[in-house]
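Notes to accompany the following structure.
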Amino acid sequence: QVQLVESGGGLVQAGGSLRLSCAASGRTFTGYAMGWFRQAPGKERELVASIKWTGGMTYYTDSVKGRFTISSDNAKNTLYLQMNSLKPGDTAVYYCAASLPRNIALPYARYDYWGQGTQVTVSS
């Protein structure tokens with residue numbers, strides 16, 4: 001059974017930084033795509049960034065390019081999202097997700113497993 005457990009959320013002032021972690025367990029993630037999503041109150045969930053577990057190919061939504069960095073530590077089975085220059089508009093619950101290996105481009109991956117989410121609040 002795949003388990004994804006996020007941590008690292010919190011309250012930060014605008015311009016500050018946070019690093020989210022997602023501990024993945026339950027299987028070997030070779031070939032998987034891993035993603036960070038976020039959902040703000042009243043808004044749809046959106047893909048923030050994603051990465052191929054093997055090979056390191058990455059994708060970022062335009063609003064976070066140059067500010068956020070997604071990475072993985074395969075030895076620790078952990079996914080990270082380094083968030084710098086945070087803005088109030090980044091306030092949301094952030095979710096880690098895993099996509100089974102499929103022949104599909106990274107931005108269009110369909111996600112099969114989800115974590116419980118971690119709250120990120122950016123004050124102005």
Side-chain angles (χ1 to χ4, degrees):
Q1 182 75 7
V2 172
Q3 283 194 316
L4 304 172
V5 180
E6 303 98 335
S7 60
L11 173 64
V12 64
Q13 288 189 331
S17 298
L18 283 174
R19 188 176 80 156
L20 304 184
S21 300
C22 172
S25 63
R27 63 179 60 185
T28 301
F29 292 91
T30 302
Y32 276 58
M34 304 293 293
W36 285 101
F37 288 76
R38 67 185 179 187
Q39 187 166 21
K43 295 188 176 181
E44 292 188 356
R45 184 173 57 195
E46 66 167 339
L47 175 64
V48 175
S50 55
I51 188 169
K52 277 287 199 179
W53 194 265
T54 308
M57 183 184 301
T58 59
Y59 164 82
Y60 297 92
T61 195
D62 286 346
S63 62
V64 307
K65 285 180 181 176
R67 301 190 297 124
F68 291 11
T69 303
I70 189 171
S71 63
S72 63
D73 184 331
N74 293 8
K76 294 182 178 179
N77 262 15
T78 302
L79 180 71
Y80 301 100
L81 184 68
Q82 178 67 44
M83 305 186 294
N84 298 329
S85 302
L86 283 161
K87 305 174 181 179
D90 296 317
T91 295
V93 178
Y94 283 70
Y95 299 90
C96 169
S99 170
L100 290 164
R102 296 185 178 93
N103 186 22
I104 189 169
L106 192 57
Y108 307 107
R110 301 197 316 269
Y111 289 83
D112 304 281
Y113 304 101
W114 296 84
Q116 82 288 352
T118 185
Q119 176 70 46
V120 171
T121 303
V122 184
S123 64
S124 57

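Hydrogens, waters and symmetry mates are skipped; everything else that's a heavy atom, side chains included, is used.
Crowding of Gln116 atom CD: a count of heavy atoms from other residues, nucleotides or ligands under 6.0 Å exceeding 12.
Glu46 pairs by the side chain to side chain donor-acceptor pair (under 3.5 Å) definition with Arg38, not counting sequence neighbours. Judged as a ring-ring contact (aromatic ring centres under 6.0 Å, His included), and not counting sequence neighbours, Tyr95 has no contacts. Among residues two or more places apart in sequence or in another chain, the salt bridge (charged side-chain N to carboxylate O under 4.0 Å, His left out) test is passed with Arg102 by Asp112. Every residue meeting the salt bridge (charged side-chain N to carboxylate O under 4.0 Å, His left out) condition with Arg67, not counting sequence neighbours, appears here in chain and number order: Asp90. The side chain to side chain contact (heavy atoms under 4.5 Å, CB included) search around Thr58 returns Ile51, Tyr60, Ile70, not counting sequence neighbours. Every residue two or more places apart in sequence or in another chain that forms a side chain to side chain donor-acceptor pair (under 3.5 Å) with Asp62 is listed here: Lys65.
Separation of atoms OG (Ser50) and CZ (Phe37) is listed at 7.5 Å; rounding is to 0.5 Å. Rounded to the nearest 0.5 angstrom, Met34 CE and Asn77 CG are separated by 8.0 Å. The CG atom of Leu81 sits 11.0 Å away from atom OG1 of Thr118, with the distance rounded to the nearest 0.5 Å. A distance of 12.0 Å separates CD in Glu6 from CD in Gln119, rounded to the nearest 0.5 Å. The OH atom of Tyr111 sits 12.5 Å away from the OH atom of Tyr32 when rounded to the nearest 0.5 Å.
Taking both residues in full, the closest heavy atoms of Ala14 and Ser124 are given as CB-CA, 4.4 Å, listed atom of the first, atom of the second, then distance. What you find for Ser123 and Leu11 is that their closest heavy atoms are CB-CD1, 4.3 Å. Residues Met83 and Val120 approach most closely at CE-CG2, 3.9 Å, considering heavy atoms. When every heavy atom of Ala24 is checked against every heavy atom of Leu4, the shortest pair comes out as CB-CD2, 3.6 Å. Closest approach of Ala109 and Ala33 over heavy atoms only: CB-CB, 4.3 Å. Closest heavy-atom contact between Tyr94 and Leu20: CB-CD1, 3.5 Å.
Note on Tyr80 and Val64: separate hydrophobic clusters, where clusters join Ile, Leu, Val, Met, Phe, Trp and Tyr whose side-chain heavy atoms are under 4.5 Å apart, directly or indirectly. At a threshold of 4.5 Å between side-chain heavy atoms, the hydrophobic network of Ile, Leu, Val, Met, Phe, Trp and Tyr places Leu47 and Leu106 in one connected group. Under a hydrophobic-cluster definition in which Ile, Leu, Val, Met, Phe, Trp and Tyr are linked whenever side-chain heavy atoms come within less than 4.5 Å, directly or via other members, Val122 and Phe68 are assigned to the same cluster.
At least one side-chain heavy atom of Trp36 sits less than 4.5 Å from a side-chain heavy atom of Leu79.
Under the 3.5 Å distance criterion, the side-chain polar atoms of Thr54 are matched with a main-chain donor or acceptor of Gly31.
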Could you go step by step and tell me if Val2 and Phe29 meet the side-chain contact (heavy atoms from CB on, under 4.5 Å) rule?
CA-CA 10 Å; Val2 172; Phe29 292 91; 4.0 Å; yes

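Side-chain contact annotation: Ser71 with Asp73, donor-acceptor N/O pair under 3.5 Å absent.
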